[in-house]
Amino acid sequence: MTAVPADGLDAGAEGADRAGGAAGADGGESYRLNVDGFLRTVNGASIGDSLLTVLRDTLGVTAVKDACEQGRCGACSVLLDGRLAASCTVLAADADGTRVVTVAGLGGAGLARAVRAMFLAEGAVQCGFCTPGFVVAVTDLLTRHPDADEEEIREALAGNICRCTGYGRILAAVRAVQAERGALRSGDAHSSGETQRHGETQRHSDGGPDGW
Amino acid sequence: MFRRGSDRAGAVHGPAHTVLAAVLPPAAVPVGVVPVTAGGTTSAMFRPRTVGEAVEMLAAAHDSGAAVALLGGGTDLVPALRSGERAAEVVVALRRVLELRVRGAGADSLTIGAGVTYTDLAGWSLSPGLARAARVVGSVQIRNTGTVGGALGSARPAGDLLTFLTAADAEVLTTSPRGSDRLPLPRFLAEGLAPDALVTAVRLARPGGPQVYLKIGERQAAYPAVVSCAVLVDRVRHRLTCAVGGVGLLPARMEAAERYARDEVDWSTGTVSSAAARRFGDLVVEAATRITPALPAGPRGSAEYRWHAAGVLAGRAFARCLHVTAPPASGPVGDFAAGGQP
């Protein structure tokens, strides 16, 4: 398999544009996927293969785990154009032109580093099978809602199943990341303003029915 | 074979059929010839950029005799292809049809493109009831991916959106080679989508009052609801609509209960007696027992359980939409009014 660095996001999108249209499964032609910032050429996969299958079996990307293949367990979670998705519910050929980010592509610094470090520090990893998916989901959550409360955290992680930890250590890891990042951000007026707006939205939209 | 350049509008217009002829194995080719791998029998994918292109590709694929599937978010179709529950020789993937991702508001109505996701809906302030219904669908992963068009195309018996849209008297907008069409949702669900047609949008009235959607089932993030119920109030027209999903093969309107509510509610204040809330739930149970065709008994629980759940959810949703006057001491209606996620 060939892997060439995608020159930033634009290169990935353009490449995919040219490759777009339709695909057949005669094995002679191929399509490209932007995986963790690299343009990967996919040869020989069936057009009906899921992104999960192509990532693992064709491209050898084992940072996504294969468990339920029904979109229920979250072990195969990736970011697809920045949105958390179960890669088993996406057809790989239809992901041509999108940016696919696995846990391996989240980066070695910043929030993703903190999430990984706190999963270790808090003992949120036992067998480790669900961990890549959880790290992607937690990083996605804390990117969108750095100050998510307990209920928001539980709701945001409901699509990821862990059979070992009972979730307690995972929740502790999320709170530890929040504490660490919160300390870093303290005094940052912009961030706290954003958080406040989010809180107001939640209160408004989760409130009871419109009053009479 | 992967087509290059067919995403250029010029290349697709007219040549769309040529493109298909080149890509599609002729229908006569036995399925066995196509390499059968984990991906099943799917041998071609089209990725149109516009509704017009999508309809052309759909029609051409259909004319060739191939089994065609429309791919929205993929949360239903892709696992079904994997498990063999569904087979499609040709997939028309709609991810790149940007015009399907539009949602908009007219003076009286809301129009939601078939490519709009649950996550998009969940933050839509113009329809807070629908937003709340979208927020309790599946997991973040499912909500980010699943689309309105997919909910209509899959037509799950207790589908969250279908139950809500049934109560909302929604219309389904479709496009086919014969032009555009607009169908009431029940007719669309009963007749199904023509094989060469595409759902482009769903249209419903702007909310005219409180709207509550409730459901009951197993772990929400992983499994569809067992029973669901939507109650929508229109304060201007003095009207309340109620739909129940998961009892019949399709969501059903609870017309007797709706008539009862119309007469029973004090429309100037939105007040109703606690006895009326209880009676509303009873009427829903009565109607639920008569829904045909009923879902076959199975892992979704017994029919009796689902009838009962429908009544409880309806009574609870009804009580949340209205001001219920205090129940007599220790009355069972307190249970409805207490609310809370089922």
Side-chain angles (χ1 to χ4, degrees), chain A residues 17-31 45-51 53-54 57 68-74 77 80 83-86 88-98 133 137 140-141 155-161 201 204-212, chain B residues 1-7 12 19-20 23 34-35 37-47 57 71 73-75 78-79 81-83 88 91 93 95-96 119 123 125 128-129 131-132 138-142 144-145 207 209-212 219-223 233 235 269-270 320-321 323:
Chain A
D17 252 25
R18 283 196 297 277
D26 60 11
E29 305 252 349
S30 60
Y31 54 92
S46 167
I47 286 303
D49 280 345
S50 71
L51 178 58
T53 299
V54 166
D57 299 352
C68 78
E69 296 194 348
Q70 295 177 314
R72 288 175 181 170
C73 75
S77 293
L80 198 68
R83 278 189 161 190
L84 188 68
C88 70
T89 66
V90 176
L91 284 190
D94 191 35
D96 182 336
T98 67
D140 171 63
L141 166 68
E155 164 54 29
L157 301 182
N160 293 73
I161 292 177
T201 308
H204 172 72
S205 51
D206 285 341
D210 318 12
W212 280 79
Chain B
M1 60 193 68
F2 206 89
R3 311 301 305 185
R4 285 168 199 277
S6 61
D7 53 319
V12 168
V19 168
L20 274 161
V23 169
V34 179
T37 67
T41 57
T42 306
S43 57
M45 174 186 290
F46 296 97
R47 304 181 73 203
M57 290 170 174
L71 176 63
T75 53
V78 177
L81 289 176
R82 169 74 181 182
S83 69
V91 169
R95 177 187 301 280
R96 303 200 301 179
T119 297
S125 58
R132 278 193 296 271
S139 60
V140 176
Q141 287 92 331
I142 300 291
N144 280 345
T145 325
Q211 303 182 332
V212 170
R219 183 177 171 131
Q220 175 199 301
Y223 297 96
V233 173
R235 280 183 283 186
T269 58
R320 282 205 205 170
C321 282
H323 292 307

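Bear in mind the structure is a predicted one, so any value in this text is a computation, not a measurement. Every chain is numbered from 1 and lettered A, B, ... according to where its sequence line falls, protein lines coming before strand lines.
Residue A:Asp57 does not touch chain B at all, counting heavy-atom pairs closer than 4.5 Å. In this structure, chain A has a heavy atom under 4.5 Å from the side chain of B:Thr145, while its backbone stays farther away. If you measure heavy-atom distances from B:Val140 to chain A, the contacts under 4.5 Å come from both the backbone and the side chain. With a 4.5 angstrom heavy-atom cutoff, A:Leu80 touches chain B only via side-chain atoms.
Under the 4.5 Å side-chain criterion, counting only non-hydrogen atoms from C-beta, B:Ser139 is not in contact with A:Arg72. Taking the side chain as every heavy atom from C-beta outward, A:Thr89 and B:Pro79 approach each other to under 4.5 Å. Inter-residue side-chain proximity for B:Gln141 and A:Asp140 is flagged as unmet; no heavy-atom pair is nearer than 4.5 Å. Between B:His323 and B:Thr269 the shortest side-chain heavy-atom distance does not fall below 4.5 Å.
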